[in-house]
Amino acid sequence: MEKPTVGPVDGPPPTDLAIEDITIGTGQEVQPGQWAVVHYVGVSFDTGDEFDSSWNRGSPFSFPVGGGKVIEGWDRGVLGMRIGGRRKLVIPPQLGYGNQGAGNVIKPGATLVFVVDLVDVKF
């Protein structure tokens with residue numbers, strides 16, 4: 001897979017997690033408690049400006065699904081993905097970084113858009 005291009009999203013931001021499968025994977029399905037190995041691009045819903053990407057670092061990101069180690073939108077959003085899948089997550093503030101934002105990168109109350117590729121699943 002190649003790094004996806006993610007732009008601004010048309011319409012109003014969703015009030016709950018919006019999940020869109022771009023590519024349905026054919027590999028193993030990730031379950032709660034397993035480690036998801038993903039590549040991702042994150043952009044601002046409002047501007048489409050990229051604020052983070054594992055692709056730019058050259059290595060995927062791993063996290064325990066459902067473990068509370070990432071924002072809730074990710075914990076919920078990757079469930080049911082299969083290896084080889086690509087999914088777009090539109091994450092409202094209450095499932096992202098809320099009213100505090102994240103440093104100078106994500107403004108308070110921001111809706112976020114991620115395109116996530118499930119590379120592998122670890123036990």
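Bear in mind the structure is a predicted one, so any value in this text is a computation, not a measurement. Hydrogens, waters and symmetry mates play no part in the numbers below; they use all other heavy atoms, side chains included.
Within the 4.5 Å cutoff, the side chain of Val105 has no heavy atoms near those of the Asp52 side chain. Looking at Leu112 and Tyr97, their side chains come closer than 4.5 Å, going by heavy atoms from C-beta outward. Using a 4.5 Å heavy-atom threshold, the side chains of Leu17 and Ile91 count as touching. Between Val90 and Phe114 there is no side-chain heavy-atom pair separated by less than 4.5 Å. Side-chain contact between Val113 and Leu89: absent, with no pair of heavy atoms (C-beta onward) separated by less than 4.5 Å. Contact of the Ile83 side chain with the Val121 side chain is registered, since non-hydrogen atoms from C-beta on lie closer than 4.5 Å. When side chains are defined from C-beta on, Trp35 does not count as touching Val30, because their heavy atoms never get closer than 4.5 Å. Counting heavy atoms from C-beta outward, Val65 and Gln34 have side chains that stay 4.5 Å or more apart.
With sequence neighbours left out, Ser54 forms a side chain to side chain contact (heavy atoms under 4.5 Å, CB included) with His39, Tyr40, Arg57. Residues that satisfy the side chain to side chain donor-acceptor pair (under 3.5 Å) test with Ser44, not counting sequence neighbours, are Thr47.
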Please walk me through it: do Ile71 and Leu95 pass side chain to side chain contact (heavy atoms under 4.5 Å, CB included)? CA-CA 6 Å; Ile71 58 175; Leu95 299 177; over 6 Å; no
Working for salt bridge (Lys or Arg N to Asp or Glu O under 4.0 Å), residues Lys88 and Asp21: CA-CA 6 Å; Lys88 178 161 65 172; Asp21 282 310; over 6 Å; no
Given the rule in the side chain to side chain contact (heavy atoms under 4.5 Å, CB included) test, do Lys3 and Ser53 qualify, once you have shown the distances and angles that lead to the verdict? CA-CA 9 Å; Lys3 179 181 176 181; Ser53 170; 3.7 Å; yes
What verdict does the side chain to side chain contact (heavy atoms under 4.5 Å, CB included) test give for Val78 and Phe63, after you've listed the backbone C-alpha separation in whole Å, the side-chain angles of each residue and the deciding distance to 0.1 Å? CA-CA 11 Å; Val78 301; Phe63 67 97; 3.8 Å; yes
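A salt bridge links Asp16 and Arg76; the closest N-O separation between the charged side-chain nitrogens and carboxylate oxygens is under 4.0 Å.
The cluster map of Ile, Leu, Val, Met, Phe, Trp and Tyr, joined by side-chain heavy atoms under 4.5 Å apart, puts Trp55 and Phe61 in different clusters. Note: the hydrophobic cluster containing Val115 also contains Phe45 (ILVMFWY, side chain heavy atoms under 4.5 Å, direct or indirect links). Val116 and Val70 fall within the same hydrophobic cluster, defined by Ile, Leu, Val, Met, Phe, Trp and Tyr side-chain heavy atoms under 4.5 Å apart, directly or through other members. Note: the hydrophobic cluster containing Ile22 also contains Val9 (ILVMFWY, side chain heavy atoms under 4.5 Å, direct or indirect links).
With Arg86 as the partner, the side-chain contact (heavy atoms from CB on, under 4.5 Å) test is satisfied by one option alone out of Thr23, Leu118, Val38: Thr23.
Remark: the Glu50 side chain and the Asn56 side chain contain an N/O donor-acceptor pair separated by less than 3.5 Å.
Proximity of a side-chain donor or acceptor of Arg87 to a complementary backbone N or O of Gly77 within less than 3.5 Å is detected. Remark: side-chain polar atoms of Asn99 are not paired, donor with acceptor, to backbone N or O of Pro108 under 3.5 angstrom.
Heavy atoms from other residues, nucleotides or ligands lying under 6.0 Å from CD of Glu2 number 12 at most.
For Pro64 against Asp75, the heavy-atom pair with the smallest separation is O-OD1, 3.7 Å. Taking each heavy atom of Pro93 and Gly109 in turn, the nearest pair found is CG-O, 3.2 Å. The heavy-atom pair separating Thr111 from Pro13 by the smallest distance is OG1-CB, 3.7 Å. The two residues Pro92 and Pro14 have their closest heavy-atom pair at CB-O, 3.6 Å.
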